[in-house]
Amino acid sequence: MNSFTDGGTPTAHPRPTAGRRRHTLLPMKNILVLNGPNLNMLGIREPNIYGKQDYPTLVAFIQEAAAKLGLAVDVRQSNHEGVLVDWIQEALGKFDGIVINPAAYTHTSVAILDALKAVALPAVEVHLSDVSAREPFRHVSYAGMACRKTFAGHGFDGYRLALEYLTTL
Ligand code: DQA
């Protein structure tokens with residue numbers, strides 16, 4: 001007898017019982033990973049700050065980290081604020097969370113902040129560099145005001161930490 005045959009209301013996700021593992025019963029979380037302007041130039045741009053590894057290497061790193069955590073990821077990059085806003089809006093109903101490195105738009109974009117607030121999906125902010133130790137204009141993060149957590153200064157690993165954090169929610 002189980003929750004489908006005992007006369008009770010069938011549930012999409014029966015409670016785990018002995019011998020059943022919780023992760024085999026729940027659907028995989030789907031995470032949207034967004035990268036802002038100039039991150040496509042990784043490896044070329046200011047390697048002393050952002051490292052020598054290129055953008056495709058970052059995407060592969062994120063995909064591997066997600067697979068290890070049992071997450072599905074869609075990793076996107078745009079140099080255009082409105083495109084990032086559109087992607088955040090479209091995430092509603094399709095994704096369970098957002099990891100975002102808004103790059104320079106971090107420090108300027110109320111539109112990205114408003115989009116994150118509008119969809120109200122759990123969001124985590126990532127920066128490759130430690131923005132708090134750089135120029136004062138990088139100390140302000142609009143997007144961060146709508147994020148549950150920020151990982152800055154961990155390089156590529158910040159994305160893994162952000163994904164790991166989303167698995168805990
Ligand atoms: C960045 C930090 C931003 O200040 C900068 O404009 C970027 C990258 C980072 O990942 O460290 O483009 O978001």
Side-chain angles (χ1 to χ4, degrees), residues 12-16 19-43 45 47 49-78 84-85 87-107 109 112-113 115-134 138-169:
H13 309 296
R15 289 169 68 81
R20 281 183 184 165
R21 300 196 45 157
R22 188 178 151 85
H23 71 263
T24 61
L25 298 170
L26 293 171
M28 200 181 240
K29 269 190 183 172
N30 202 14
I31 308 299
L32 178 62
V33 181
L34 295 180
N35 288 305
N38 301 306
L39 288 167
N40 56 315
M41 297 288 285
L42 282 181
R45 78 181 285 216
I49 296 174
Y50 300 113
K52 290 186 183 145
Q53 301 194 87
D54 65 9
Y55 185 71
T57 306
L58 173 63
V59 174
F61 175 88
I62 294 168
Q63 287 168 341
E64 193 183 328
K68 282 186 188 154
L69 290 163
L71 297 170
V73 274
D74 187 343
V75 186
R76 304 180 195 171
Q77 187 276 332
S78 178
L84 293 163
V85 168
W87 285 341
I88 293 166
Q89 290 183 6
E90 289 160 16
L92 197 57
K94 293 195 194 121
F95 291 94
D96 304 300
I98 296 174
V99 171
I100 184 163
N101 181 348
Y105 290 137
T106 306
H107 320 297
S109 180
I112 289 174
L113 166 64
L116 290 169
K117 284 169 110 173
V119 298
L121 287 165
V124 183
E125 177 186 21
V126 172
H127 299 286
L128 295 165
S129 64
D130 180 4
V131 279
S132 69
R134 297 180 63 193
R138 294 186 205 273
H139 299 179
V140 174
S141 171
Y142 290 101
M145 294 173 197
C147 291
R148 305 231 183 156
K149 221 167 169 60
T150 296
F151 294 99
H154 301 277
F156 283 13
D157 206 43
Y159 291 84
R160 184 189 62 78
L161 294 168
L163 291 170
E164 191 176 61
Y165 176 75
L166 285 173
T167 66
T168 67
L169 301 181

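All values derive from a computational prediction rather than experimental measurement.
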Between V119 and E90, is there a side-chain heavy-atom distance shorter than 4.5 Å?
no
Above 12 or not: heavy atoms from other molecules or residues under 6.0 Å from CD of E64?
no
Give, for atom CG of L121 and atom CD1 of I31, the distance between the pair rounded to the nearest 0.5 Å.
9.0 Å
The test is side-chain contact (heavy atoms from CB on, under 4.5 Å); show your working for L128 and L42 and say whether it passes.
CA-CA 10 Å; L128 295 165; L42 282 181; 3.6 Å; yes
Can you find a pair of side-chain heavy atoms, one from L84 and one from P102, that are under 4.5 Å apart?
no
Tell me the closest heavy-atom pair linking A104 and P37, and the distance in Å.
N-CG, 4.3 Å
Which atom pair, heavy atoms only, marks the closest approach of G36 to A103?
C-CB, 3.9 Å
Parallel, tilted or perpendicular: which fits the ring planes of F156 and F61, with parallel below 30° and perpendicular above 60°?
tilted
Quick check against the 3.5 Å criterion: does S109 have a side-chain atom that pairs as donor or acceptor with the backbone of T106?
no
Partner residues of D130 under the salt bridge (Lys or Arg N to Asp or Glu O under 4.0 Å) criterion, sequence neighbours left out
none
When rounded to the nearest 0.5 angstrom, what is the spacing between OH in Y159 and NE2 in H127?
9.0 Å
Taking side chain as C-beta onward, heavy atoms only, is Q63 less than 4.5 Å from V73?
yes
Minimum heavy-atom distance A143-L116, with the two atoms named
O-CD1, 3.9 Å
Scan for side chain to side chain donor-acceptor pair (under 3.5 Å) pairs involving residues 142-151, sequence neighbours excluded, and state none if there are none.
E125-T150
Can you check side-chain contact (heavy atoms from CB on, under 4.5 Å) on L58 and Q53, steps first, answer last?
CA-CA 7 Å; L58 173 63; Q53 301 194 87; over 6 Å; no
Looking at H107 and S141, would you say the former's side chain and the latter's main chain have a donor-acceptor pair under 3.5 Å?
no
Test item: N35 and Y55 side chains (from C-beta on) under 4.5 Å apart, heavy atoms:
yes
From the list L113, V126, V124, I100, side-chain contact (heavy atoms from CB on, under 4.5 Å) partner of C147 resolves to I100
Are the side chain of Q77 and the backbone N or O of L34 linked by a donor-acceptor pair below 3.5 Å?
no
Answer whether the closest heavy-atom distance between the side chains of K94 and D74 falls below 4.5 Å.
no
What's the shortest heavy-atom distance between A115 and V85, and which atoms?
CB-CG1, 4.1 Å
H139 and A133 have their tightest heavy-atom pair at NE2-N, 4.4 Å
Looking only at heavy atoms, which two atoms of M28 and G70 are closest? And how far apart?
CG-O, 3.0 Å
If I take atom CG from residue L163 and atom NZ from residue K29, how far apart are they, to the nearest 0.5 angstrom?
11.0 Å
From K117 NZ over to I88 CD1, what is the distance, rounded to the nearest 0.5 angstrom?
13.0 Å
Once rounded to the nearest 0.5 Å, what's the spacing between atom CG of N101 and atom CZ of F151?
13.5 Å
